[in-house]
Amino acid sequence: MDKKTVSILQIAATYTGTVVGAGFASGQSIMQFFTVYGAWGAVGILISTFLFMWIGTRMMVLAHRIKAFSYQELNIYLFGSLFGKIANAATFAILFGMTSVMLSGAGSIFEEQLHLPYQWGIVISIVLCYLVMTKDMQGILAVNSLVVPLMLFFMLLIAFQVVGDSGTAASLRWQNLPLSDLTWLISPFAYAALNFAFVQAVIVPLGSEIQDESALKWGGFWGGVALGFMLLISHWAMNTKMPDIASFDIPMAEIIRDLGGAVHILFLLVIYGEIFTTIIGNVFGIARQIQSLFVLPTKGLVLAILLGSFLISQFGYTPLLSYLYPLFGYLGMILLLFLAFKRMPGH
């Protein structure tokens, strides 16, 4: 492959890997935003996929054109000096909260699926994150380029299993909430907004560092396509197992358990890898914002961020996800609107 194709694939993988964090890879956030609406959830996923393709690409291209060091410069460009500072404070809180959710998700994998201590998952993740963060953006690109293709492969396995077990009709049968209030129509926008609120930590510096704008556009496009594919497969598979699967912290792991012990363990490693890519992305973004305000050494700063997130992660995975995800989704809605309608600067 030529250099541009490799660059496009790396951008797509990094974008996808940053979004596919604990809630996405485990199935929890997909269940909360889409699967509870049954067949209408699939329509919501198509809306979200379009938003990922359009707004994610727009965010990277905008960051490229204004040469943003971190999401701080992007927010000031979008909202102005005063409101940009408020947006930066909100984004900082979101990233810190999400990093804590990811760490608690790692703990849940160890506890629920591997029957190992919850704290092991958190501490191992902190140590690995610290090591990767010494490589800066290149470390993030390398980890995502490994994990995302594996995730796509397992999604294909899940798709074949669901078709073989129950056919396509089973995915349309289960529905928990009434549709009369049209909340299913709000969910895709809230879900996309939630993700844009924290993926900017990685894709803004990525957009700024990549020199070829067309590579950013194609990377954003294919990243959005990959996200839509994984969303649909996850939703489809979980719908066939509802409502029994709703009680699990890691519902997607329960679905793939039927493929056998070895495949189940491998899939847990992939889910863990996706959680890990989001942790390193968030920590990278928090560190970048702080360093744009103060001159601080990266290693000490990363360690301080991880220790702060460790304290919040003790509240547990599902409680954090249930309260923080919807809240961050609605905060991110403002960012989504400004990204959609703000005039782009020239080349």
Side-chain angles (χ1 to χ4, degrees), residues 14-33 71 91-114 116 118-133 139-140 143-144 146-148 151 191 194-203 227 230 234 249-253 268-289 302-329 332:
T14 301
Y15 179 26
T16 305
T18 307
V19 174
V20 184
F24 189 128
S26 70
Q28 268 289 340
S29 64
I30 300 171
M31 187 185 296
Q32 291 181 25
F33 281 91
Y71 63 83
T91 304
F92 183 87
I94 287 170
L95 289 175
F96 220 101
M98 288 305 302
T99 305
S100 305
V101 171
M102 300 298 138
L103 284 173
S104 61
S108 281
I109 287 180
F110 274 64
E111 183 178 48
E112 182 180 272
Q113 300 293 325
L114 301 176
L116 294 171
Y118 176 81
Q119 302 298 342
W120 283 22
I122 295 175
V123 172
I124 289 170
S125 302
I126 287 173
V127 172
L128 290 174
C129 180
Y130 182 78
L131 293 173
V132 171
M133 290 305 297
I140 294 173
V143 171
N144 279 292
L146 173 66
V147 172
V148 171
M151 191 72 186
Y191 183 76
L194 158 73
N195 284 286
F196 289 128
F198 68 87
V199 298
Q200 59 174 320
V202 172
I203 67 173
L227 286 167
M230 288 193 278
S234 300
D249 273 359
I250 317 289
M252 287 302 292
L268 287 179
L269 288 173
V270 173
I271 292 179
Y272 178 79
E274 292 295 358
I275 290 173
F276 185 70
T277 60
T278 306
I279 294 172
I280 59 177
N282 288 358
V283 172
F284 177 80
I286 295 168
R288 274 279 177 120
Q289 187 192 3
V302 166
L303 194 58
I305 294 165
L306 288 168
L307 290 176
S309 299
F310 169 76
L311 295 175
I312 301 172
S313 70
Q314 300 306 304
F315 286 102
Y317 176 55
T318 302
L320 282 171
L321 204 65
S322 300
Y323 290 108
L324 292 180
Y325 261 48
L327 172 64
F328 294 164

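Between Ile124 and Phe110 there is a side-chain heavy-atom pair separated by less than 4.5 Å. Counting heavy atoms from C-beta on, the side chains of Tyr71 and Leu95 come closer than 4.5 Å. In this structure the side chain of Ile140 reaches within 4.5 angstrom of the side chain of Thr14, judged on heavy atoms. Ser125 places none of its side-chain heavy atoms less than 4.5 Å from the side chain of Ile275. Phe284 is not listed as a side-chain neighbour of Ile280, based on a closest heavy-atom distance of 4.5 Å or more.
Heavy atoms only, all atoms of each residue included: Val147 and Val270 are closest at CG1-O, 4.1 Å. Closest non-hydrogen pair, Ser234 versus Ile30, comes out as CB-CD1, 3.5 Å. Taking all atoms of both residues into account, the shortest heavy-atom contact from Leu306 to Cys129 is CD2-SG, 3.9 Å. Between Thr278 and Thr18 the shortest heavy-atom distance is OG1-O, 3.2 Å. Contact between Ser309 and Thr99 at its shortest, heavy atoms only, is OG-CG2, 3.4 Å. The two residues Ser104 and Tyr118 come nearest to each other via the heavy atoms CB-OH, 3.1 Å.
Note that CE of Met133 is 11.5 Å distant from CD1 of Ile279, once rounded to the nearest 0.5 Å. Here the CD atom belonging to Glu274 is positioned 6.0 Å from the CE atom belonging to Met230, to the nearest 0.5 angstrom. The structure places CD1 of Ile305 at 10.0 Å from CD of Gln289, a figure rounded to the nearest 0.5 Å. Here Met102 contributes atom CE and Asn282 contributes atom CG; the two are 6.5 Å apart, rounded to the nearest 0.5 Å.
Relative ring orientation between Tyr272 and Phe276 is described as parallel, the plane-to-plane angle staying below 30° on a 0-90° scale split at 30° and 60°.
With Thr16 contributing its side chain and Leu227 its backbone, the two residues share no donor-acceptor pair below 3.5 Å.
Under the rule for a ring-ring contact (aromatic ring centres under 6.0 Å, His included), Phe310 has no partner lying at least two apart in sequence or in another chain. With sequence neighbours excluded, the residues forming a ring-ring contact (aromatic ring centres under 6.0 Å, His included) with Phe196 are Phe52, listed by chain and number.
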For Gln200 and Thr91: C-alpha separation, side-chain torsions, deciding distance, then whether side-chain contact (heavy atoms from CB on, under 4.5 Å) applies.
CA-CA 9 Å; Gln200 59 174 320; Thr91 304; 3.4 Å; yes
